[in-house]
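Numbering of ligands and ligand atoms starts at 1, following listing order. Just so it is clear, the model here is predicted, and its values are computed rather than measured.
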Amino acid sequence: MAGRRAVCCGLTSLEVTLTVLFMLMTSVLIGLITVTVATKNIQTDAEPTLSPSPTQPQGNPYLIGVGRADCTGPPADIPLMGYANLEQTAAGIHTRLYSRAFIIDDGRKRVVFVTADIGMVSQRLRLEVLKVLQAKYGNLYRQDNVVMSGTHTHSGLAGYFQYTLFMITSKGYIKPSIQALVNGIVKSIDIAHRAVKPGRIYMNRGQLEDSSLNRSPHSYLNNPQQERDRYKSNTDKRVVVLKFADLDGNGIGVLSWFAVHGVSMNYTNRMISSDNMGYASYLMEQDNNAGLLPGQGPFVAGFSSSNLGDVSPNTRGPVCVNTGLACDYLNSSCPVGGTKMCHAYGPGKDMFDSTMIIGHNIYQKTKELYSGADQEVKGPLHAAHQWVNMTNVPVQINVTHMARTCKPALGHSFAAGTTDGGGDLNFTQGAVEGDPFWDGIRDTLFGEPSNETQECHRPKPILFNTGEMSWPLPWHPEIVDVQLITIGPIAVVAVPGEMTTMSGRRIREAVKQELESEGSLRVAEVVIAGLSNIYTHYITTYEEYQVQRYEGASTIYGPHTLSAYIQKYRGLARAIAQNKESGLEKGPEPPFFKESQLLKLLPAAPVDRKPANSSFGQVLQQVYPVYRLGDVVSVTFVAGNPRHSGDVRDKTFVTVERYLNKTAQWEVVHTDASWETRFHWLRGSARQSNATVEWHIPASALPGRYRIRHTGHCKQMKGLKPVITAYEGTSAEFTVTKTYYYH
Ligand SMILES: *[C@@H]1O[C@H](CO)[C@@H](O)[C@H](O)[C@H]1NC(C)=O
Ligand SMILES: *[C@@H]1O[C@H](CO)[C@@H](O)[C@H](O)[C@H]1NC(C)=O
Ligand SMILES: *[C@@H]1O[C@H](CO)[C@@H](O)[C@H](O)[C@H]1NC(C)=O
Ligand SMILES: *[C@@H]1O[C@H](CO)[C@@H](O)[C@H](O)[C@H]1NC(C)=O
Ligand SMILES: *[C@@H]1O[C@H](CO)[C@@H](O)[C@H](O)[C@H]1NC(C)=O
Ligand SMILES: *[C@@H]1O[C@H](CO)[C@@H](O)[C@H](O)[C@H]1NC(C)=O
Ligand SMILES: *[C@@H]1O[C@H](CO)[C@@H](O)[C@H](O)[C@H]1NC(C)=O
Ligand SMILES: *[C@@H]1O[C@H](CO)[C@@H](O)[C@H](O)[C@H]1NC(C)=O
Ligand SMILES: *[C@@H]1O[C@H](CO)[C@@H](O)[C@H](O)[C@H]1NC(C)=O
């Protein structure tokens with residue numbers, strides 16, 4: 001079936017086939033992440049040292065601009081992107097998602113760095129954003145000078161992909177989802193563009209402990225001893241901070257990089273959430289846009305992902321949940337119950353608490369580094385970009401031997417389930433041999449992988465032969481973006497996936513070496529911007545790949561993937577060092593599959609119903625009259641499906657309002673973007689649904705009279721026509737007091 005039919009024809013046959021594939025895949029596809037046992041720290045670090053720098057600004061300032069825009073899509077029915085769990089569909093909002101853009105111009109050249117609260121940037125998303133930018137700004141914002149990175153939250157929406165594998169876990173191409181992202185990202189660039197003015201950038205860096213853990217220490221240990229000896233830890237603890245300031249020295253924004261997975265919220269979460277990195281942004285922006293609601297104010301704080309491939313935020317580590325024993329070190333399975341029982345937790349008491357702790361740690365360290373940032377970043381800007389056909393890159397292994405990258409494929413351990421969400425099937429991490437049972441199913445469904453591809457991926461046993469499957473559209477990309485920008489002595493490597501700790505270190509070292517090879521550039525810092533531009537799963541070192549844990553099994557272009565990338569990024573760095581990046585070969589253009597739009601597997605949201613004698617927005621479950629600080633206020637309304645609200649960016653489904661005696665008005669103190677509020681959308685039977693709004697009253701809340709409002713839209717039949725109307729509902733008033741109170 002797969003690979004033997006061209007993309008074609010009507011939606012119905014596609015739909016049927018994909019639905020079948022869907023069901024098959026759900027049971028097999030388990031997660032994009034996995035966590036395991038921690039290992040102890042090793043030896044002393046060999047951080048490069050920075051020469052001390054003058055604190056007085058000197059030299060020409062840059063032109064800089066920062067911008068932030070809401071990119072939250074419809075918070076209902078759409079699968080969340082990350083755990084590849086089709087049951088984990090959106091049902092409300094915990095925190096909103098934002099795109100944050102940073103523009104830097106040296107008078108000659110301009111670069112843009114975007115970090116968005118999403119799982120990853122996809123090729124489709126990037127192409128659509130660049131198309132809009134081209135129409136708006138002509139040749140100003142391009143392939144080469146715009147970097148787009150995702151924070152890797154696993155609680156953003158899916159639906160913005162064009163390759164079949166990702167579309168299966170997304171329920172197809174979901175227009176309202178991708179539109180929110182395209183429009184949000186473009187708007188953040190628009191705002192930054194309009195704000196551009198002379199300013200300066202300062203750099204600082206430090207180490208953040210107790211906020212990350214290597215989840216595949218066994219793979220890491222397969223790296224050469226002498227390489228490991230150069231580093232103190234098996235994850236990168238570094239936080240790199242760029243402070244953006246105007247000419248008066250006032251901070252206007254900050255960009256921070258730290259390597260950790262956005263999986264503090266686990267797969268049981270159904271609310272849209274920006275996870276730990278998003279919470280760090282939230283805190284830093286709340287600090288600097290004092291008194292404003294989240295998402296408002298000029299100060300922009302971007303927290304970018306990095307080489308987080310093998311890095312988990314679940315710092316208490318994995319444990320067998322049924323027995324309390326340690327999981328197996330090599331394959332993360334439990335004596336009883338296997339892989340599924342091995343689960344990582346912490347550091348908090350639940351996932352909200354864990355998100356808060358990790359996010360707060362990252363924020364706290366960044367804030368400290370931001371305050372102390374005094375090394376001015378000076379010098380010209382460079383931007384280099386290429387498209388690479390990753391299926392067949394020759395790699396020089398040693399003086400006598402060449403190897404090649406492979407057509408994409410995922411190994412058995414990809415489906416091994418993860419310690420953040422165990423596999424439902426009997427796959428185990430570390431599999432270097434296939435299983436006749438699953439290989440048989442694979443061959444029946446998709447055809448046997450070619451001998452060439454099997455050989456190429458060795459020792460990976462192939463489970464999904466995605467590189468040889470192209471029906472209804474190719475399952476994985478062949479053409480991949482490699483991109484490097486430099487801002488004076490700072491280099492930003494835009495990586496198209498999730499690099500492991502050691503992969504990131506190798507890339508950084510190679511890029512630094514090439515950039516400095518001409519003697520004209522002195523590099524202070526190379527940062528990895530993860531999940532950038534296009535998603536290609538994981539990138540491990542050759543040695544880690546041999547172990548075939550989850551990350552190795554998900555290194556889709558085979559054992560030499562990292563070596564190929566090192567070669568390509570070296571090429572970009574050399575071009576920059578020689579000031580010849582405009583002469584770089586562009587490479588083969590990626591495809592833009594118009595047909596992907598036809599893969600709509602999410603049915604339209606149906607008409608809403610309500611209980612007899614009620615109206616939309618009516619309160620079903622009322623608030624109590626009095627609460628004290630630390631309590632949770634809860635109110636339930638008759639609701640419509642949030643998908644009927646269309647474009648929900650810059651709106652809110654929820655307000656918490658406080659009565660002001662002085663003006664006799666209600667003032668909004670929280671929206672659905674606030675950490676303190678939770679908007680749960682609950683679908684019931686007979687197309688009825690509820691909105692339950694919670695307010696977790698913070699210790700900082702002022703005593704007084706409050707109320708909670710919910711706004712939404714419902715779809716009803718008026719005669720034969722479905723009509724969408726706005727509704728709103730308001731809770732009874734309640735008092736928040738500092739005094740102790742029993743309900
Ligand atoms: C995992 O590895 C242990 C040895 O460390 C082995 O006893 C066990 O059978 C393995 N589990 C699976 C499911 O392969
Ligand atoms: C997810 O987090 C919740 C608490 O917030 C916890 O009850 C649940 O056990 C966690 N589940 C997994 C699979 O980690
Ligand atoms: C990538 O390279 C492979 C092998 O050389 C080739 O078959 C394929 O057509 C190329 N893909 C694209 C999109 O150019
Ligand atoms: C080069 O690599 C090949 C393949 O790994 C190996 O067989 C050969 O011995 C290596 N040669 C040298 C000179 O290291
Ligand atoms: C997984 O389950 C199937 C069906 O029960 C069985 O045939 C196969 O051997 C199992 N594989 C492993 C690795 O246990
Ligand atoms: C792989 O090679 C074996 C032995 O040469 C052959 O029998 C088999 O048909 C080949 N498989 C494929 C998929 O080409
Ligand atoms: C709805 O209201 C009507 C008129 O007030 C009343 O007769 C009926 O019993 C109510 N139905 C329900 C289910 O409350
Ligand atoms: C607001 O006005 C009410 C009634 O006039 C009064 O009881 C209350 O103390 C006032 N609250 C504040 C915070 O001034
Ligand atoms: C909606 O709320 C009412 C009142 O609390 C409850 O009886 C009903 O089960 C809820 N429906 C859903 C879908 O949660």
Side-chain angles (χ1 to χ4, degrees), residues 3 6-7 24 27-28 30 123-124 127 162-164 224 328 330-341 386-409 411-417 422-445 449-450 452-453 455-459 461-463 465-470 473-482 496 534 536 541-543 545-546 548-549 553 556-564 568 585-593:
V7 178
L24 289 165
S27 50
V28 178
I30 287 110
Q123 185 172 71
R124 180 54 176 249
L127 292 174
Q162 65 171 0
Y163 291 96
T164 304
D328 184 78
L330 303 178
N331 57 26
S332 298
S333 87
C334 292
V336 182
T339 300
K340 211 176 165 180
M341 288 298 136
Q386 277 182 319
W387 286 300
V388 179
N389 184 339
M390 273 303 286
T391 66
N392 197 21
V393 180
V395 177
Q396 188 88 43
I397 299 178
N398 56 32
V399 278
T400 53
H401 278 68
M402 293 288 290
R404 284 183 180 276
T405 55
C406 319
K407 288 183 193 169
H412 273 245
S413 299
F414 168 73
D424 288 326
L425 304 170
N426 60 355
F427 293 92
T428 307
Q429 292 200 71
V432 290
E433 263 168 53
D435 171 343
F437 177 76
W438 290 116
D439 289 349
I441 290 182
R442 172 200 67 193
D443 295 350
T444 310
L445 282 179
S450 70
E452 186 196 356
T453 297
E455 196 51 46
C456 190
H457 280 273
R458 220 171 277 284
I462 293 176
L463 182 63
N465 183 26
T466 51
E468 294 174 348
M469 288 154 66
S470 56
L473 286 168
W475 280 52
H476 263 152
E478 296 186 328
I479 311 300
V480 171
D481 297 68
V482 292
I534 172 173
T536 64
T541 67
Y542 175 83
E543 294 83 355
Y545 184 93
Q546 304 308 310
Q548 282 296 302
R549 282 180 58 85
I556 61 174
Y557 301 109
H560 302 290
T561 302
L562 175 63
S563 305
K568 294 296 170 187
E585 231 180 88
K586 274 183 149 174
E589 268 204 43
F592 185 88
F593 298 126

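- A cation-pi contact, defined as under 6.0 Å to the ring centre and within 45° of the axis, links R124 to F592.
- An N or O contact shorter than 3.5 Å is missing between W438 and ligand 5 by distance.
- Among residues two or more places apart in sequence or in another chain, the salt bridge (charged side-chain N to carboxylate O under 4.0 Å, His left out) test is passed with E478 by none.
- H560 and Y542 have parallel rings, their planes meeting at less than 30° on a 0 to 90° scale where 60° marks the start of perpendicular.
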Tell me, with the steps shown, if Y163 and F593 meet ring pair (Phe, Tyr, Trp, His ring centres under 6.0 Å). CA-CA 9 Å; Y163 291 96; F593 298 126; 5.7 Å; yes

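- Using a 3.5 Å distance cut-off with no hydrogens or angles, the side chains of E585 and Q386 do not pair a donor with an acceptor.
- For ligand 4, the atoms closer than 4.0 angstrom to any heavy atom of N398 are 1 (C), 2 (O), 3 (C), 8 (C), 10 (C), 11 (N), 12 (C), 14 (O).
- E468 and S450 form a side-chain donor-acceptor contact under 3.5 Å, judged by distance and modelled atom types alone.
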Checking R404 against T391 for the side chain to side chain contact (heavy atoms under 4.5 Å, CB included) test, could you report, in this order, the C-alpha distance in whole Å, the side-chain angles of both residues, the deciding distance, and whether it holds? CA-CA 8 Å; R404 284 183 180 276; T391 66; over 6 Å; no

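- At a heavy-atom cutoff of 4.0 Å, ligand 3 is surrounded by N389, T391, N392, E478, I479.
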